[in-house]
Amino acid sequence: MPELPEVETVCQGLAPQMIGATFRTVEQRRANLRFPFGRDFKARLVGAEVATLRRRAKYLLAGLSTGECLVMHLGMSGRFLVHQPRSKSADTLGDYIYDSGANTKHDHVVFHMSSGATITYNDPRRFGFMLLVPENMLDDHALFRHLGVEPLGNELSAIYLSAKASARRSSLKSFLMDQRIVAGLGNIYVCEALHHAGLSPNRAAACLSDRLGNPTARAERLVIAIREVLQKAVALGGSTLRNYRDPSGASGSFQETFAVYGRAGEVCGRKGCDGLVKRSVHQGRSTFHCGRCQR
DNA sequence: ACTGTACCCTGTAGGC
DNA sequence: TGCCTACAGGGTACAG
């Protein structure tokens with residue numbers, strides 16, 4: 001589930017539950033997820049107040065009153081769920097519906113907040129992780145030091161992409177999947193953005209730059225496409241794939257608008273295009289594109 | 001410096 | 001029903 005729009009959705013859902021609340025108790029049910037939690041993880045959280053909650057790339061960052069930052073990454077299968085004891089209908093967050101009778105096997109961390117809310121982190125594949133990092137050392141931390149620009153911020157521009165792509169030999173797909181270039185894009189949104197821009201994932205990344213190093217029209221189109229695809233996905237609450245559906249409509253619905261992702265063999269999602277969606281593999285990841293309108 | 005591959009881990013879908 | 005393989009939205013370590 002978690003690329004930028006999904007992490008943003010989770011951030012927005014957790015914010016009212018976490019900001020201003022303190023960690024009353026913390027259950028840490030394993031020594032590690034993808035990485036060890038670090039020394040005294042629980043002790044450093046208990047009593048701390050959450051001052052801020054924000055997203056950077058695919059990371060959730062909770063700024064604490066202790067001066068540390070709780071860094072959370074959802075990996076491939078990580079989810080948060082909120083349980084409000086006073087409200088029967090508030091058990092949902094993002095695309096996840098909490099079923100207290102099932103699937104608790106992979107509940108690895110539980111935050112009991114001073115507000116009474118219980119926030120559970122569930123992650124079957126355990127590719128996600130949590131760490132505590134001093135706030136003033138975040139930018140220098142190995143996880144963040146090399147991150148590229150935020151695609152929804154002002155730093156993403158055709159000039160930026162052109163400069164990064166000019167000396168590249170890789171494909172456009174690999175280029176956009178690289179978090180050092182644009183931070184937060186993942187497999188779904190790279191496929192969808194390239195389709196939106198009418199660009200083949202197989203094309204060389206260097207096509208974004210002309211001989212003088214200036215951005216091409218393709219780069220301009222790509223920037224617009226990335227922004228539009230992500231903005232729309234955020235507005236729709238992200239994408240929900242093979243997960244629980246939320247009957248109240250709070251789950252993501254962007255997957256219903258996929259033009260190419262996961263649609264191999266089907267007709268292209270572009271109006272007026274009757275091309276078929278092809279599946280290929282880049283760096284071991286499935287890629288979907290229309291052979292007709294993506295050039 | 002760059003690029004692609006193998007790998008981390010569990011669950012699920014599909015073929016036989 | 002079971003067994004097997006391939007695949008899944010993440011990132012990293014390593015070889016070439």
Side-chain angles (χ1 to χ4, degrees), chain A residues 1-10 29-36 55-60 71-80 94-96 99 102-108 121-131 141-148 151 163-194 201-206 229-230 233-234 236-244 251-258 260-265 279-288:
Chain A
M1 148 202 161
E3 296 181 38
L4 184 152
E6 292 75 35
V7 179
E8 183 64 33
T9 299
V10 171
R29 297 180 178 169
R30 327 174 29 95
N32 67 296
L33 291 171
R34 181 186 174 106
F35 304 125
R55 179 195 59 74
R56 168 74 171 116
K58 298 169 193 169
Y59 297 91
L60 276 172
V71 177
M72 297 170 277
H73 195 288
L74 302 172
M76 293 275 259
S77 58
R79 296 177 188 119
F80 281 100
D95 69 342
Y96 190 83
D99 178 348
N103 201 24
T104 57
K105 179 177 166 188
H106 301 293
D107 289 354
H108 303 306
Y121 180 70
N122 177 285
D123 188 356
R125 291 178 73 180
R126 303 204 303 274
F127 284 177
F129 56 86
M130 294 187 193
L131 319 162
H141 194 280
L143 292 171
F144 299 97
R145 197 169 26 197
H146 302 295
L147 280 181
K164 291 287 186 186
S166 61
R168 282 248 171 177
R169 306 240 159 206
S170 67
S171 65
L172 266 181
K173 171 80 188 309
S174 298
F175 177 70
L176 292 178
M177 289 291 284
D178 188 337
Q179 300 299 296
R180 294 169 300 182
I181 310 298
V182 182
L185 293 178
N187 208 27
I188 290 177
Y189 296 103
V190 166
C191 289
E192 292 297 312
L194 284 171
N202 300 314
R203 181 180 274 282
V229 165
L230 291 179
V234 170
L236 292 178
S239 305
T240 306
L241 269 57
R242 66 179 156 280
N243 276 338
Y244 302 94
S251 74
S253 61
F254 186 76
Q255 71 280 1
E256 292 161 21
T257 75
F258 286 167
V260 287
Y261 185 82
R263 301 187 57 229
R279 177 183 177 276
S280 57
V281 175
H282 291 250
Q283 297 178 259
R285 315 291 293 273
S286 286
T287 303
F288 300 91

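In what follows, every chain begins at residue 1, and chains take the letters A, B, ... in the order their sequences are listed. Values reported hereafter were calculated over all heavy atoms of this structure, with side chains retained and with hydrogens, waters and symmetry mates removed.
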Is the distance from the ring center of A:Phe144 to that of A:Tyr59 below 6.0 Å?
yes
From CA spacing to verdict: side-chain hydrogen bond (donor to acceptor under 3.5 Å, both in side chains), A:Ser171, A:Asn202
CA-CA 5 Å; A:Ser171 65; A:Asn202 300 314; over 6 Å; no
Would you mind reading off the distance between A:Arg285 atom CZ and C:dT12 atom P, rounded to a whole angstrom?
12 Å
Reading 5' to 3' through nucleotides 4-11 of chain B, protein heavy-atom contacts under 4.0 Å coded B for base, S for sugar-phosphate only, - for none
SB--BBBS
Shortest side-chain distance from A:His73, nucleotide among C:dG9, C:dG11, C:dA8
C:dG11
Whole angstrom value for the distance that separates C1' of C:dG9 from OH of A:Tyr59:
15 Å
What distance, rounded to whole Å, do you find between the two P atoms, one in C:dT12 and one in B:dG11?
24 Å
For the pair made of CD in A:Gln255 and C1' in C:dA8, what is the distance, rounded to whole Å?
15 Å
To the nearest Å, give me how far apart NE2 (A:His146) and P (C:dG11) are.
15 Å
A:Gln179 CD to C:dT12 C1': how many Å, rounded?
13 Å
Whole-Å P distance, C:dA6 and B:dA6:
13 Å
Would you indicate what A:Arg168 reaches in the nucleic acid, counting non-hydrogen atoms under 4.0 angstrom: base, sugar-phosphate, or nothing?
sugar-phosphate
With respect to the phosphate group of C:dG9, does any side-chain polar atom (N or O) of A:Tyr189 fall under 4.0 Å of OP1 or OP2?
no
Starting from C1' on C:dG11, measure out to CG on A:Leu131 and report it in whole angstrom.
13 Å
On the 0 to 90° scale, with breaks at 30° and 60°, tag the A:Tyr121-A:Phe80 ring pair as parallel, tilted or perpendicular.
tilted
Tell me if the centroids of the rings in A:Phe254 and A:Tyr189 come within less than 6.0 Å of each other.
yes
Using 4.0 Å as the upper bound for N to carboxylate O, is an ion pair formed by A:Asp178 and A:Arg168?
yes
When you compare C:dC7 with B:dT5, how far apart are their P atoms, in angstrom units rounded to a whole number?
14 Å
Could you state the NZ-P distance from A:Lys58 to C:dG9, rounded to the nearest angstrom?
10 Å
Could you identify the nucleotide paired to C:dA6, looking across every strand shown and requiring Watson-Crick or G-U wobble geometry with both distances under 3.5 Å?
B:dT12
